[in-house]
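Below is one structure; the comments refer to it alone.
For the single chain, residues carry numbers from 1 onward in sequence order.
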Amino acid sequence: MTAREGKDVSETGEPVEGSSARAADTPAARPTDHPAYRCVVLGHAVSHGSASLSTGSLSTDSLSADSSNGEPLISHDPHALAAALASATGSADRVLQNESSESPPRPARLWLAEACVLPASCADSAAPSASSSTDASSRRSMRDLQAAVDNADTPVSSAKTRRRQQREAESHLARLLLGELAAAQGIQLALADWSPRGQAPHHPALPAGFHVSIAHRHGHVLVGLATAPLGLDLEYRNPRHIHDLDARIAMLPTDARERLAEISHLSETERLDGFYREWVRYEAEIKT
């Protein structure tokens with residue numbers, strides 16, 4: 001959810017799972033049992049006047065118009081945007097703007113990969129899998145980390161350690177996936193040379209004109225490679241946030257609060273849905 005790894009607004013005040021307040025025979029709901037929210041911002045985001053695209057509005061004409069106007073593209077369906085951009089360019093090759101060319105610039109390109117640290121950690125059926133080769137490579141590389149993350153015998157007192165291990169595994173998987181995406185475009189990014197966890201993803205071998213972004217939550221990882229400034233965010237709904245929804249909305253920028261004010265007459269569940277859509281957009285904009 002957060003643009004800076006380590007900040008964890010959504011878990012503030014959360015009760016520890018496994019608390020005695022829950023009946024022993026009641027299975028604990030996993031965070032990933034709830035709907036996931038994604039957002040992508042392609043191009044430098046501006047809070048006011050940004051082009052926000054729904055899945056149904058992704059067309060070659062709209063993408064070309066937004067690119068020529070210099071406005072960022074914002075979508076809550078990153079994979080649909082990536083597919084539309086690929087269709088608009090008419091080629092699977094890399095697309096870098098040729099400043100010496102008199103032809104108008106073509107839409108940017110966006111490549112995405114999405115996977116989970118552990119197969120059981122992502123229950124979101126809408127989450128597309130990474131390519132089979134990427135997925136297999138990731139599984140091999142994550143084997144040594146899985147035992148530390150998926151340890152059923154970890155006591156509740158070690159919850160912080162377990163969360164740290166999971167975030168480390170998520171960060172590692174994200175960099176593996178970015179390496180796979182780059183390799184498919186003929187770019188070799190050595191795993192050891194990535195910036196460390198806790199910093200914005202950066203690699204010294206990434207060519208000029210290419211940008212990367214990482215989002216991960218509860219073992220679920222989404223990464224992107226693009227030919228324009230890129231921001232991604234991912235979050236899962238927490239039903240408990242209904243109880244302090246107004247306080248969470250107050251954390252958003254003015255334009256997001258104004259959009260949410262327009263749906264204030266809707267049910268609490270619909271307002272919570274609107275909040276998460278605005279939050280992932282806000283965080284993705286910060287990352288561009």
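Between His220 and Tyr236, the ring planes lie tilted relative to each other; the angle falls in the 30° to 60° range.
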- request: Let me see the working for Asp273 and Leu266 under side chain to side chain contact (heavy atoms under 4.5 Å, CB included), right down to the final yes or no.
  value: CA-CA 10 Å; Asp273 178 75; Leu266 298 179; over 6 Å; no
- prompt: Stepwise, does the side chain to side chain contact (heavy atoms under 4.5 Å, CB included) test hold for Phe275 with Asp246?
  reply: CA-CA 10 Å; Phe275 162 75; Asp246 289 338; over 6 Å; no
- request: I would like to know whether Gln165 and Val117 meet side chain to side chain contact (heavy atoms under 4.5 Å, CB included); could you show each step before the answer?
  value: CA-CA 11 Å; Gln165 291 170 336; Val117 172; over 6 Å; no
message: Working note: His76 + Arg281, criterion side chain to side chain contact (heavy atoms under 4.5 Å, CB included); need CA distance, chi angles, decisive distance, verdict.
response: CA-CA 8 Å; His76 286 87; Arg281 172 175 172 169; 4.3 Å; yes
message: Apply ring pair (Phe, Tyr, Trp, His ring centres under 6.0 Å) to residues Trp279 and Tyr276 and explain how you reach the verdict.
response: CA-CA 5 Å; Trp279 185 268; Tyr276 275 113; 8.7 Å; no
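We find the CD-CD1 distance between Glu270 and Ile263 to be 8.0 Å, quoted to the nearest 0.5 Å. One distance of note links CD1 of Ile286 with CD of Glu283; it measures 4.5 Å at 0.5 Å rounding. Separating the CD atom in Glu114 from the CG atom in Leu177 is a distance of 10.0 Å, to the nearest 0.5 Å. Rounding to the nearest 0.5 angstrom, the gap separating the SG atom in Cys39 from the CD atom in Glu285 is 7.0 Å. How far CG of Leu230 is from CZ of Phe210: 12.5 Å, rounded to the nearest 0.5 Å. Atom-to-atom distance recorded for His203:NE2 and Gln188:CD is 10.0 Å, nearest 0.5 angstrom.
Taking every heavy atom of both residues into account, Val41 and Pro72 meet most closely at CG1-CB, 4.1 Å. Pairing each heavy atom of Ala82 with each of Leu112, the nearest pair is CB-CD1, 4.1 Å. Scanning all heavy atoms of the two residues, the minimum distance from Ala215 to Leu232 falls at CB-O, 3.8 Å. Leu260 approaches Leu252 most closely through the heavy-atom pair CD1-CD1, 3.5 Å. In plain terms, the two heavy atoms of Pro78 and Val40 that are nearest each other are CA-CG1, 3.7 Å. Taking both residues in full, the closest heavy atoms of Leu110 and Ala226 are given as CD1-CB, 4.0 Å, listed atom of the first, atom of the second, then distance.
With hydrogens and angles ignored, the 3.5 Å screen pairs a side-chain donor or acceptor of Ser195 with a backbone N or O of Ala200. Without hydrogens or angle criteria, Ser213 side chain to Gly224 main chain gives no donor-acceptor distance under 3.5 Å. Proximity of a side-chain donor or acceptor of Lys287 to a complementary backbone N or O of Ile214 within less than 3.5 Å is detected. With hydrogens and angles disregarded, no donor-acceptor distance shorter than 3.5 Å links the side chain of Ser87 to the backbone of Ala84.
Trp194 pairs in a side chain to side chain contact (heavy atoms under 4.5 Å, CB included) with only one of the listed residues (Leu176, Leu206, Leu178), which is Leu178. Checking each of Arg164, Arg162, Glu168, Glu170 against Gln166 for a side chain to side chain contact (heavy atoms under 4.5 Å, CB included) leaves exactly one that passes, namely Glu170.
With hydrogens and angles left out, the side-chain atoms of Ser171 and Arg175 include a donor and acceptor closer than 3.5 Å. A donor-acceptor pair shorter than 3.5 Å cannot be found between the side chains of Arg277 and Tyr37.
Counting only heavy atoms from C-beta outward, the side chains of Leu85 and Leu42 approach each other to under 4.5 Å. Annotation: side chain of Glu278 is not in contact with side chain of Asp255 (no heavy-atom distance under 4.5 Å). When side chains are defined from C-beta on, Ile249 counts as touching Leu245, because their heavy atoms get closer than 4.5 Å. Under the 4.5 Å side-chain criterion, counting only non-hydrogen atoms from C-beta, His172 is not in contact with Arg197.
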